[in-house]
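Beneath this line is the structure, given in structure tokens, with notes to follow.
In this chain, residues are counted from 1 in sequence order.
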Amino acid sequence: AVVSTQSGHYGRAIDEVNYWNKEDSPVGRLGLYLMKRKLWDAEKENSYAKECRKEIMAAFNVAESALKPSPYLVFDDVYDSHSTQIAEQKEHLEEHLKIYGEHYNLKDYDV
């Protein structure tokens, strides 16, 4: 029986994903190459993985503590100039947030 996963691998079989990660991915092949030549080993791999996790978690904590981007960026970051329709949509958002803003934790956003 083939077990499949939907999270991040687009429904590929777990065995296929594991094989690719270990045998067929460029990073995996490089790791095997380095291990065969005694330039890399499991201890170095584990140490490096721990170091990377620490860096990622530190960056994650910084990102989580920062304000979320303004909801108005959806209008300003996409188009060079606003069409009438876009200007109306922006006005609708402003009106909506004036009325219902308390439900969106706007204090967490760079508004």
Inset, instruction - Output the rest of the hydrophobic cluster of I56: all Ile, Leu, Val, Met, Phe, Trp and Tyr residues reachable through side-chain heavy-atom contacts under 4.5 Å, sorted by chain and number. - result: none
Legend entry - salt bridge (charged side-chain N to carboxylate O under 4.0 Å, His left out) involving D76 - partner list, sequence neighbours excluded: K90
Legend entry - Selection residues 59-75 - residue pairs positive for side chain to side chain donor-acceptor pair (under 3.5 Å), sequence neighbours left out: none
Show me the donor-acceptor pairs, under 3.5 Å and distance only, between side chains in residues 92-111 and residues at least two apart or in other chains.
{"unit_1": "H96", "atom_1": "NE2", "unit_2": "Y104", "atom_2": "OH", "d": "2.8"}

Inset, instruction - First locate atom CG of D41, then atom NZ of K38, and finally report the distance between them rounded to the nearest 0.5 Å. - result: 9.5 Å
Inset, instruction - Nearest 0.5 Å please: distance from the OG atom of S83 over to the CD atom of Q89. - result: 7.5 Å
Legend entry - Residues forming a salt bridge (charged side-chain N to carboxylate O under 4.0 Å, His left out) with E16, sequence neighbours excluded: R12
Inset, instruction - Just grab all the side chain to side chain donor-acceptor pair (under 3.5 Å) pairs involving residues 45-58, residues at least two apart or on different chains. - result: W40-E45
Legend entry - Interatomic spacing from CE in M35 to CG in L30 - rounded to 0.5 Å: 10.0 Å
